There are 2 protein chains.
Amino acid sequence: MKTHTVVIVEDHVLLSQAIASLVNSFKDFDVLFTCKNGKELLTKLKTPNNIPDIILMDVNMPILNGIETTEIIKNEYPKINVIALSVEENDITIIKMLKAGAKGYLLKDVEKDVLELALTETIKHGYYHTKDVSNILINSLNEDDSSKIQIKDREREFIIHTCSEMTYKEIAEKMFLSPKTIDGYRDNLFQKLQVKNRIGLVLYAIKNGIYKL
Amino acid sequence: MKTHTVVIVEDHVLLSQAIASLVNSFKDFDVLFTCKNGKELLTKLKTPNNIPDIILMDVNMPILNGIETTEIIKNEYPKINVIALSVEENDITIIKMLKAGAKGYLLKDVEKDVLELALTETIKHGYYHTKDVSNILINSLNEDDSSKIQIKDREREFIIHTCSEMTYKEIAEKMFLSPKTIDGYRDNLFQKLQVKNRIGLVLYAIKNGIYKL
DNA sequence: ATTAAAAAGGGGAAAAACACCCATTAAGTA
DNA sequence: TACTTAATGGGTGTTTTTCCCCTTTTTAAT
């Protein structure tokens with residue numbers, strides 16, 4: 001069996017290099033290069049002979065995050081297999097990542113053998129999922145769409161601003177909307193998320209990765 | 001120069017093993033074992049011939065966190081050098097960790113060479129600090145005692161209730177105080193913590209472990 | 001015992017948040 | 001086309017929060 005190439009995208013350099021060291025220790029895999037975010041990745045991919053078989057992609061990154069980056073990769077380099085690597089056990093994040101085109105989703109607390117298996121299987125079959133992630137997926141499919149709480153982009157924006165200690169008036173200005181529309185967003189979300197006030201909104205946002213501390 | 005031993009404490013297994021792989025690639029260092037939290041560490045240290053020269057300790061862990069664990073290590077195994085490894089750039093966390101007895105504090109986005117240097121220097125001189133961390137320390141020393149923001153028990157109670165989506169009237173009843181006293185608590189805390197409204201209070205509480213999600 | 005400081009409580013007013021109602025417009029779809 | 005739905009925003013009123021400045025009570029210290 002020939003050796004396959006891997007690229008690691010991870011904002012924490014030390015972890016990035018540590019994972020690289022681990023991957024290099026696997027029999028059939030070599031790390032081509034590592035980078036700190038999606039933007040850097042896209043730049044480096046433009047160099048000839050720099051196209052890996054697999055990208056190990058962190059989900060939470062500054063500049064260009066894992067989801068957005070994966071979408072671009074899927075379109076521009078459809079032959080590259082992206083495997084997500086994350087601490088996020090959040091259903092919505094996982095689904096978004098897979099929708100974006102990731103061939104696998106690994107939690108950062110798996111054993112190194114699982115990583116090697118994921119790499120091997122992805123090369124062989126084009127996908128790999130741990131039991132954990134599969135279960136999460138099945139559960140989230142069983143929840144029929146009606147019970148699935150959906151937050152729109154514009155609402156998400158509103159929530160983030162609310163978490164930033166802004167008043168509704170300030171948020172309205174920032175989002176170029178009438179204060180009354182903001183009122184509506186709030187009323188809707190309170191109802192949808194079953195919270196009593198802005199505090200509940202903030203807690204929900206933090207728990208669900210909408211707002212990062 | 002003889003080879004020194006390292007133990008890695010990190011809750012995400014894959015990262016733990018990845019860092020182990022990296023450390024093993026350093027000329028003068030070998031990983032003795034890895035573990036997932038402070039509790040596991042303390043258990044494993046009890047086995048004879050299991051005492052490392054250096055412990056690389058993650059700060060944010062479940063069960064027994066880095067700070068508490070380091071304190072115990074300092075008392076029970078004073079010859080072991082603890083180096084903190086974290087994503088937290090938060091002044092208070094760093095200071096707490098160093099006070100607990102850590103000989104160094106590395107951010108997870110340093111280069112692997114820095115990790116090797118930190119290990120070497122710690123063996124040689126008993127400590128190592130990156131420029132980043134040193135600067136943070138100097139800055140926080142210049143801030144006259146602002147790091148010792150003290151929150152009283154009664155205030156802490158008030159904050160927790162605020163985080164529980166209660167109104168001030170409800171909190172007043174629960175704490176057997178006049179709403180006006182609650183007003184005073186709030187005004188004081190806003191001033192003390194430099195926040196603009198209840199949201200800021202909630203964020204502070206979560207960041208500082210006063211309120212647990 | 002005297003004094004100082006901290007904790008608790010108060011009055012009043014402005015701003016913000018919250019809770020309903022309903023109207024318009026744009027976009028999608030049967 | 002007609003019907004539906006989503007997004008936006010207006011009206012009105014109540015409640016809560018926030019921000020002043022102030023007094024009394026309790027606790028701690030000299």
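Letters go in sequence order (proteins before strands), and every chain restarts at 1. Since the model is a prediction, treat every value here as computed from it, not as a measurement.
Ion pair Asp58(A)/Lys108(A) flagged as a salt bridge, since at least one NZ, NE, NH1 or NH2 atom sits closer than 4.0 Å to an Asp/Glu carboxylate oxygen.
Mapped onto DNA chain C by nearest heavy atom, Arg198(B) and Asp183(B) fall at different nucleotides, with Asp183(B) at the one closer to the 5' end.
Using bins of under 30°, 30° to 60° and over 60° for the plane-to-plane angle, the ring pair Tyr127(B)/His125(B) lands in the tilted bin. Ring geometry for Phe29(A) versus His4(A): interplanar angle of 30 to 60°, hence tilted.
Side-chain proximity of Lys152(A) to dG9(C), dT18(D), dA7(D): nearest is dA7(D). With distances taken from any side-chain atom of Arg154(B) to the nucleotides dC18(C), dG10(D), dA8(C), the minimum falls on dA8(C). Side-chain atoms of Thr167(B) lie closest to dT17(D) of the nucleotides dC18(C), dT17(D), dG10(D).
Tyr105(B) pairs with exactly one of Ile83(B), Leu85(B), Ile94(B) by the side chain to side chain contact (heavy atoms under 4.5 Å, CB included) rule, that one being Ile94(B). Results of the side chain to side chain contact (heavy atoms under 4.5 Å, CB included) test with Ile210(A) over Val202(A), Ile159(A), Leu201(A) single out Ile159(A) as the only residue that passes.
Within 4.0 Å of Asn197(B), counting heavy atoms only, lie sugar-phosphate atoms of the nucleic acid but no base atom.
For Lys180(B) and dC22(D), the NZ to C1' distance is 11 Å, given to the nearest whole Å. Rounded to whole angstrom, the span from the OH atom of Tyr185(B) across to the P atom of dG10(C) amounts to 14 Å. Rounded to an integer number of Å, the gap from Met166(B) CE to dT15(D) C1' is 17 Å. The distance from atom CZ of Phe190(B) to atom C1' of dA15(C) is 13 Å, rounded to the nearest whole Å. Nucleotide dT14(D) holds its C1' atom 14 Å from the CG atom of Asp187(A), rounded to whole Å. Across the protein-nucleic acid pair, Ile199(B) atom CD1 and dA17(C) atom C1' stand 11 Å apart, rounded to whole Å. When the P atom of dT24(D) is taken as reference, atom CG of Leu177(B) falls 20 Å away, rounded to whole Å. Between the NZ atom of Lys192(A) and the C1' atom of dA6(D) there is a distance of 11 Å, given to the nearest Å.
Residue Lys169(A) places at least one side-chain N or O closer than 4.0 Å to OP1 or OP2 of dA16(C). When the side-chain nitrogen and oxygen atoms of Thr181(B) are compared with OP1 and OP2 of dA8(C), none of them lie within a distance under 4.0 Å. When the side-chain nitrogen and oxygen atoms of Arg186(B) are compared with OP1 and OP2 of dT17(D), none of them lie within a distance under 4.0 Å.
For dT15(D), its base never sits under 3.5 Å from the side chain of Lys196(A) at any donor and acceptor pair.
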